[in-house]
Amino acid sequence: MLGGRRLARGIVAVIATALAAAAVGAPPSSASGRHHPQPVRLIFDTDFGGDVDDAGAAAMLNAMQDDGKVRVLAMMTSNLTRWAAPGLDAINTYYRNGNIPIGALEPGYDDPENNNLSTYAEHLAKSFPNDVRDSSRVPEAVDLYRKILAKQPDHSVVIAVVGGQTNLAQLLASHPDHHSRLSGTQLVAKKVHHVVAMGAQFPSGFEWNIRLDPEAAATVAERWPTPVIYSGFEVGDSIYTGRQLFFRTPPVNPVRAAYELYVGFGNNRESWDITAVYYAVLGGNGMFRPSEPGVVNFAADGSNTWTPTPGANRYYLETTAPDGEIAGVLEEWMVQPPESGRHRHDG
Ligand SMILES: [Ca+2]
């Protein structure tokens with residue numbers, strides 16, 4: 001039993017290493033670029049403006065791009081508020097990454113029934129420099145997904161989804177168009193390496209991002225053709241970050257402003273989306289590891305169960321370091337000043 005367990009762990013470790021190597025864009029073996037690994041090509045899909053950890057995750061991605069760890073190909077918003085896209089652009093603009101393309105689920109539309117309405121997003125959109133100003137000025141997320149995926153090397157793109165999975169389900173269902181002759185599912189299979197999804201709770205639970213669109217989450221779980229690694233509710237729920245923004249970044253930082261509106265000056269917030277984004281770019285780094293493979297099932301109400309299944313390509317993250325230690329690592333990225341990265345990339 002113990003031996004079998006150990007063997008299983010060994011296999012998981014191999015998978016984890018492979019995933020991590022792919023996630024950090026292992027350099028070509030012939031290249032002298034050992035110190036210059038290729039940045040991860042990443043698309044960030046967020047319900048920006050609901051909870052504030054989306055803003056923290058956006059800050060981390062900008063800092064990691066400044067440091068050459070990631071090339072953010074696009075950011076997509078999945079909640080129906082017109083302020084999400086310009087609010088996100090305000091953060092990117094603060095980091096001088098305002099050229100990152102942004103797409104939106106139903107650009108320009110505010111859903112009066114939306115229970116994940118903008119709070120800080122509207123303030124950022126109106127009070128911090130950005131050139132989006134209103135989501136009616138950005139493309140539809142699925143169109144932007146297809147446009148960008150079609151141009152990427154095969155099996156190269158990592159998607160970090162930290163809100164509802166509506167855009168991903170719509171991408172799978174999309175048809176051939178002027179961007180690509182492939183169907184949505186074919187395009188994903190050809191271009192995407194894997195997805196890291198903040199969502200669900202393991203081994204079972206009832207989590208917010210899944211409840212936002214249970215049908216989309218079930219579609220992704222059942223039909224998405226690449227590996228999906230879930231960062232469940234339990235991972236970020238006990239890792240607190242954000243407080244250092246108030247003491248180590250200036251008031252002109254829109255991320256600090258977002259946290260001040262959401263949690264109040266000097267306070268922390270849980271790090272659900274931030275752990276997912278960290279793993280999507282840098283891998284586990286001794287702080288996280290993927291579980292054994294399995295199948296996640298979502299009920300119509302969004303509740304989920306997990307069934308360990310050899311050969312499956314769904315995983316969930318497990319924490320392998322103390323929460324406080326992880327929080328310190330995450331927060332260093334969140335407070336890194338714009339353009340202070342060691343390997344500045346303008347791509
Ligand atoms: Ca979120």
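Just so we're clear, the structure is a prediction, and the values are computed from it rather than from any experiment. Atoms considered below: every heavy atom in the structure, side chains included; atoms not considered: hydrogens, waters and symmetry mates. For ligands, and for the atoms within them, numbers begin at 1 and follow the listed sequence.
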Which residue pairs pass the ring-ring contact (aromatic ring centres under 6.0 Å, His included) test with at least one member in residues 124-175, sequence neighbours excluded? H123-F128

Should V255 and W272 be counted in the same cluster of Ile, Leu, Val, Met, Phe, Trp and Tyr side chains packed under 4.5 Å apart? yes

Looking at Y109, I'd like to know if the NZ or CZ of R82 sits under 6.0 Å from its six-membered ring centre while staying within 45 degrees of the ring's axis. no

Return the set of residues passing side chain to side chain contact (heavy atoms under 4.5 Å, CB included) with P308 (not counting sequence neighbours), or none when no residue passes. E292, W306

Residues which pass side-chain hydrogen bond (donor to acceptor under 3.5 Å, both in side chains) with R243, listed by chain and number, not counting sequence neighbours: none

Here's one to test your reading of the geometry: is the NZ or CZ of K69 within 45 degrees of the ring axis of W333 and under 6.0 Å from its centre? no

Shell of protein N/O/S atoms around the Ca ion (ligand 1), taken as anything under 3.0 Å: D47 OD1, D54 OD1, D54 OD2, V162 O, D273 OD2

